[in-house]
Enquirer: 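Please find one structure pasted underneath; my questions will follow.
No hydrogens, no waters, no symmetry mates; every other heavy atom, side chains included, goes into these values. Just so you know, these numbers come straight off a predicted model, no measurement behind them.
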Amino acid sequence: MLDEKMRQHVAQLISEIVGAKNIWLTETDRLLNAHDAWPLSEAKIRACERLPLADMVVYPGSTEEVAEVLKVANRLRIPVVPVGGGAGVCGGTLPTRGGIQLDLKRMDRILSIDHSSMTVTVEAGVVGIDLEGAVNRLGYTTGHTPSSMRASTVGGFLATRSGGSMSSLYGKIEDLTLGLRVVLADGTIVDCKAVPRHSVGPDLRQLFIGSEGTLCVITEATLRLFPLPEERRFRTFAFDDIHSGLEAIRLIFRKGVTPSIVRLYDPEDTAFTFTGKFDVGDGECLLLLAFDGSREQVDLDDKVASRVCKEAGGRDVGEGPSRHWWEHRYDMYYPTPLTTGGYSIGDTIDVVATYDRLERVYWAMKEVMESHDAIVLAHFSHMYQNGGSIYMIFFVSMPDAESAWERYKQIWDDGVEACLREGGTMSHQHGVGLWRSTYTEPELGTSFDVLRRIKAVLDPNGILNPDKLGLKGD
């Protein structure tokens, strides 16, 4: 944290760059930006515990203003934490060392749409739902629809390697990005040309995507667009167990069919989500599917996938559950708190593995998480030809806040350890942020030192989002 004299000095320097009205210094304004959607930070706020505050919140209006702000911060060695919509769930925008929160919401322009190449170039502060709505009106989709769409920005998608609900067909954000503009810690502006493929050295776009503000500030991106599908058809199957459902998913992809949506709920999550709304038997697992494309393509995909599911023991229960989920897909980002008595807290550990390890990861995590008296639900989603992700959702209740937080940490530690032990990866789309940073080195192994060296070269003063991704600041 800066002393008051230094804070006022820095504020004056930066106000000359962004304008006095675009720098916020009051405690109230800084409190409003002090957290993201990380369940633990929300729980601490409910318990009236104060989170770390930035010394100021700065709203740049252009890449050039971002560059000038970073030059000041780098010269004075002041931490800078980039902020998008604040929708992250891992504490990635918490200003753990004070300094400047660089809020990019003013940079919300859709700069251009290339109809020939089917691309859109946008600033990092564009909210996801606004971008999707704008391109929908022109007959396109981004194919990127995470549940946080109403509260998250393009910059946040890129910073965390976000995945949308239709990533099986359209890909995650790293697959959708053709070009980037970023600013390094010293204010250098770097452009990564928007091309579909290249063979000119390493792909630096993939270095910056997922760096969570630790290597650069992302200010612009050129993204792929897709024609809105002629038809989107929904189908749902019930299976007796997880194994049968996963086998059906694996074989659907093996047959060359790529659904836009693939979601398999375990018995507990099926009961929690669908009982009372649809025809679901005790202990059954629901598989939600959707197919996008021309009517001919959808007919073929639906026919092949349905045959595979029936041969694997699936029971066709129609489109109802899948369509209902689609129509309410954004509701889950604003869930009703679970009340179980005492002090309750819940979270999701999103992991990913190949098919040969996926079921083992699920059972290992479920066993250790439930050993802490947690309610554990799970669904498999974001499925691909070679594997997919699991959302391990848990709720725990304790007599008081401190014991709940301690139990919360134990569940995370043991859950992630079980995932890594069985060959999974600890995050599919939510990034690392602050909370998962202690697991980054065990996850990456010897390659973590490469990341640390890259950080030292690009940000030698350690000002960019310190303490995230397991990378410390100065």
Side-chain angles (χ1 to χ4, degrees), residues 37 85 87-89 127-133 135-136 140-154 156-158 160-177 223-229 231-237 245-246 249 252-253 257-266 269-270 272-274 285-293 298 301-302 305 319-335 348-352 377-385 387-393 427-431:
V89 294
V127 175
I129 199 76
D130 294 337
L131 174 59
E132 183 67 11
V135 302
N136 284 173
Y140 301 115
T141 178
T142 63
H144 190 76
T145 57
S147 60
S148 64
M149 278 281 277
R150 296 187 178 118
S152 49
T153 63
V154 170
F157 297 159
L158 292 159
T160 59
R161 297 182 81 86
S162 169
S165 59
M166 298 186 289
S167 64
S168 296
L169 178 61
Y170 297 104
K172 290 176 73 245
I173 196 66
E174 62 265 29
D175 306 306
L176 303 175
T177 304
L223 307 174
R224 299 172 65 191
L225 293 175
F226 304 86
L228 281 170
E231 181 176 353
R232 175 171 292 132
R233 186 179 303 172
F234 299 94
R235 182 74 65 184
T236 314
F237 285 87
L246 285 176
I249 292 171
I252 286 170
F253 282 98
V257 174
T258 306
S260 54
I261 296 168
V262 188
R263 299 174 68 87
L264 175 66
Y265 290 72
D266 78 354
D269 206 355
T270 296
F272 181 80
T273 307
F274 298 104
C285 305
L286 279 193
L287 171 60
L288 313 187
L289 297 171
F291 309 97
D292 284 20
V298 168
D301 288 348
D302 184 14
E319 68 165 19
S322 297
R323 181 176 289 280
H324 179 269
W325 175 85
W326 175 257
E327 292 172 350
H328 295 273
R329 65 194 182 280
Y330 299 139
D331 298 353
M332 69 184 73
Y333 189 71
Y334 304 99
T348 299
I349 310 177
D350 61 304
V351 302
V352 62
L377 320 172
H379 58 263
F380 299 74
S381 60
H382 308 286
M383 305 302 292
Y384 310 101
Q385 182 180 4
S389 74
I390 320 171
Y391 277 46
M392 300 297 300
I393 306 161
S427 181
H428 171 265
Q429 67 182 71
H430 291 157

Enquirer: Strictly distance-based, threshold 3.5 Å: is any side-chain N or O of T348 a donor or acceptor partner for the main-chain N or O of Y391?
Expert: no

Enquirer: Determine whether T258 and F253 make a side-chain contact, defined as any pair of heavy atoms from C-beta on separated by less than 4.5 Å.
Expert: yes

Enquirer: Side chain of T153, backbone of G156: donor and acceptor closer than 3.5 Å?
Expert: yes

Enquirer: Looking at T236 and L288, would you say the former's side chain and the latter's main chain have a donor-acceptor pair under 3.5 Å?
Expert: no

Enquirer: Using every non-hydrogen atom in the two residues, find where G171 and L176 come nearest and quote the distance to one decimal.
Expert: O-CD1, 4.0 Å

Enquirer: Evaluate the side-chain proximity of D292 to F226: yes if any heavy-atom separation is below 4.5 Å, no if none is.
Expert: no

Enquirer: Sequence neighbours left out, what passes side chain to side chain donor-acceptor pair (under 3.5 Å) with H379? Give chain and number order.
Expert: R263, D269

Enquirer: Can you name the side chain to side chain contact (heavy atoms under 4.5 Å, CB included) partners of S167, sequence neighbours left out?
Expert: K172, H382, Y384

Enquirer: Hey, does the Lys NZ or Arg CZ of R329 hover above the aromatic six-ring of W326, less than 6.0 Å from the centre and inside 45° of the axis?
Expert: yes

Enquirer: Using a 6.0 Å cut-off, check whether atom CD of Q385 has over 12 heavy atoms from anything other than its own residue.
Expert: no

Enquirer: Do S427 and V351 make a side-chain contact, defined as non-hydrogen atoms from C-beta onward lying under 4.5 Å apart?
Expert: no

Enquirer: Rounded to the nearest 0.5 Å, what's the gap from OG on S322 to CG on L287? Could you check?
Expert: 7.5 Å

Enquirer: Quick check for you: to the nearest 0.5 Å, what is the distance between S147 atom OG and Q429 atom CD?
Expert: 7.5 Å

Enquirer: Can you see which heavy atom on A37 is nearest to which on A87, and at what distance?
Expert: CB-O, 3.8 Å

Enquirer: Write down the atom of S381, the atom of S389, and the distance for their closest heavy-atom approach.
Expert: O-OG, 2.5 Å

Enquirer: In Å and rounded to the nearest 0.5 Å, what is the CZ to CH2 distance from F274 to W325?
Expert: 9.5 Å

Enquirer: Rounded to the nearest 0.5 Å, how far apart are OG1 of T177 and NE2 of H144?
Expert: 8.5 Å

Enquirer: Could you tell me whether the side chain of V262 reaches within less than 4.5 Å of the side chain of L289, counting heavy atoms only?
Expert: yes

Enquirer: Hey, what do you get for CG (L377) to OG1 (T273), rounding to the nearest 0.5 Å?
Expert: 7.0 Å

Enquirer: Does some side-chain heavy atom of D350 sit less than 4.5 Å from a side-chain heavy atom of V89?
Expert: no

Enquirer: Please walk me through it: do T142 and L223 pass side-chain contact (heavy atoms from CB on, under 4.5 Å)?
Expert: CA-CA 8 Å; T142 63; L223 307 174; 5.5 Å; no

Enquirer: With the side chain counted from C-beta on, respond yes when F157 and M149 share a heavy-atom pair under 4.5 Å apart, and no when they do not.
Expert: yes

Enquirer: Taking all heavy atoms of L246 and all of F380, pick out the closest pair and write down the distance.
Expert: CD2-CD2, 3.7 Å

Enquirer: To check you understand the geometry: which heavy-atom pair defines the closest contact between G388 and M383, and what is its length?
Expert: CA-SD, 3.8 Å

Enquirer: Whether the side chain of D302 engages the backbone of F291 through a donor-acceptor N/O pair (distance < 3.5 Å, no angle test) should be reported.
Expert: no

Enquirer: Decide yes or no on side-chain contact (heavy atoms from CB on, under 4.5 Å) for I349 and I390, but give the supporting numbers first.
Expert: CA-CA 8 Å; I349 310 177; I390 320 171; over 6 Å; no

Enquirer: Taking side chain as C-beta onward, heavy atoms only, is I252 less than 4.5 Å from P259?
Expert: yes

Enquirer: For N136, what residues pass the side chain to side chain contact (heavy atoms under 4.5 Å, CB included) criterion, not counting sequence neighbours?
Expert: E132, T141, L228

Enquirer: Backbone N or O of L169 within a donor-acceptor pair of the S260 side chain at under 3.5 Å?
Expert: no

Enquirer: Rounded at 0.5 Å granularity, tell me how far OG in S162 sits from NE2 in H428.
Expert: 9.5 Å

Enquirer: Minimum heavy-atom separation for G163 to P146, with atom names?
Expert: O-CB, 3.8 Å

